[in-house]
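See below for the structure under consideration.
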Amino acid sequence: QVQLVESGGGLVQAGGSLRLSCAASGRTFSIYAMGWFRQAPGSEREFVGTIKWSISSTYYTDSVNGRFTISTDRAKNTVYLQMNSLKPEDTAVYYCAAHKWDMATTASSYAYWGQGTQVTVSS
């Protein structure tokens with residue numbers, strides 16, 4: 001079992017920045033990649049980005065590419081999502097997730113999920 005806990009959400013103005021954290025515990029040796037997803041009310045869960053746990057290679061969805069950066073601190077078993085130049089359309093609950101074998105973009109393939117943290121961007 002892997003446990004994931006997100007933190008760092010809040011209310012920011014458009015153009016501002018925010019850094020989310022996701023702390024992993026339990027059987028972290030089974031993690032191949034960590035993903036970030038977001039979900040707005042009435043919308044489907046959307047892929048944001050993913051990072052390969054071993055060498056920190058990353059992949060992002062087009063809507064955040066160039067603004068968001070995923071990084072890791074493996075000593076702390078923590079993954080970060082640095083969000084810059086935030087837009088109102090970035091408003092959502094943000095989730096981290098752990099995948100056992102792939103840098104996947106589909107939420108259904110991820111084995112473990114955190115509880116989520118709310119990010120609200122005002123216009």
Side-chain angles (χ1 to χ4, degrees):
Q1 189 72 249
V2 173
Q3 295 81 43
L4 304 174
V5 180
E6 302 97 334
S7 62
L11 174 64
V12 298
Q13 293 183 343
S17 298
L18 204 61
R19 189 178 76 160
L20 306 183
S21 299
C22 175
S25 60
R27 298 180 179 180
T28 57
F29 56 83
S30 67
I31 299 173
Y32 177 84
M34 296 291 295
W36 283 97
F37 293 79
R38 63 187 182 185
Q39 187 167 21
S43 301
E44 295 182 344
R45 190 162 296 189
E46 177 189 22
F47 171 76
V48 174
T50 183
I51 184 166
K52 189 175 182 179
W53 195 250
S54 61
I55 61 173
S56 299
S57 60
T58 55
Y59 176 77
Y60 305 93
T61 192
D62 288 344
S63 62
V64 308
N65 200 3
R67 299 188 297 121
F68 290 10
T69 302
I70 303 175
S71 61
T72 60
D73 184 341
R74 296 192 67 185
K76 298 180 179 179
N77 285 321
T78 300
V79 62
Y80 303 96
L81 179 64
Q82 178 67 48
M83 303 183 292
N84 299 323
S85 301
L86 283 162
K87 305 174 181 179
E89 50 263 46
D90 295 319
T91 296
V93 176
Y94 282 71
Y95 300 89
C96 66
H99 205 288
K100 293 181 179 179
W101 64 84
D102 196 18
M103 297 177 67
T105 60
T106 56
S108 61
S109 66
Y110 281 77
Y112 307 104
W113 291 86
Q115 288 292 305
T117 185
Q118 177 71 47
V119 172
T120 303
V121 184
S122 61
S123 59

Heavy-atom side-chain proximity of [X] to [Y] below 4.5 angstrom:
X	Y	result
Gln118	Leu11	no
Thr50	Thr105	no
Val121	Met83	no
Lys52	Tyr59	no

What heavy-atom pair brings [X] and [Y] nearest, and what distance separates the two atoms?
X	Y	result
Gly9	Val119	CA-CG2, 4.2 Å
Thr106	Ser109	O-OG, 2.9 Å
Ser17	Ser85	OG-N, 4.4 Å
Leu18	Gly8	CG-O, 3.5 Å
Ile31	Ala98	CG1-CB, 4.0 Å
Tyr110	Met103	OH-C, 4.3 Å

Rounded distance (nearest 0.5 Å) linking atom [atom1] of [X] with atom [atom2] of [Y]:
X	Y	atom1	atom2	result
Ser123	Gln13	OG	CD	9.5 Å
Gln82	Arg19	CD	CZ	7.0 Å
Tyr112	Gln1	OH	CD	5.0 Å
Thr72	Tyr80	OG1	OH	9.0 Å
Asn77	Met34	CG	CE	9.5 Å
Asp62	Phe47	CG	CZ	10.5 Å

Can a donor-acceptor pair be found, under 3.5 Å and without considering hydrogens, that links the side chain of [X] to the backbone of [Y]?
X	Y	answer
Tyr94	Glu6	no
Thr78	Ala23	no
His99	Gly35	no

>> Once you measure the plane-to-plane angle for Tyr95 and Trp113, does it fall in the parallel (<30°), tilted (30-60°) or perpendicular (>60°) bin?
In response: perpendicular

> Can you list the steps and then say if Arg27 with Phe29 is a side-chain contact (heavy atoms from CB on, under 4.5 Å)?
Replying inline: CA-CA 5 Å; Arg27 298 180 179 180; Phe29 56 83; 3.7 Å; yes

>> Tell me every residue that passes salt bridge (Lys or Arg N to Asp or Glu O under 4.0 Å) with Arg67, counting only those two or more places apart in sequence or in another chain.
In response: Asp90

> Within a reach of under 6.0 Å around OH of Tyr60, are more than 12 heavy atoms found that belong to other residues, nucleotides or ligands?
Replying inline: yes

> Under 6.0 Å from the CD atom of Gln3, do we count more than 12 heavy atoms belonging to anything else shown?
Replying inline: yes

>> Here's one to test your reading of the geometry: is the NZ or CZ of Arg45 within 45 degrees of the ring axis of Phe37 and under 6.0 Å from its centre?
In response: no

>> Test side-chain contact (heavy atoms from CB on, under 4.5 Å) on Phe68 and Thr61; report intermediate values, then the result.
In response: CA-CA 10 Å; Phe68 290 10; Thr61 192; over 6 Å; no

>> So, using side chain to side chain donor-acceptor pair (under 3.5 Å) as the criterion, who are the partners of Glu89 when residues are at least two apart?
In response: none

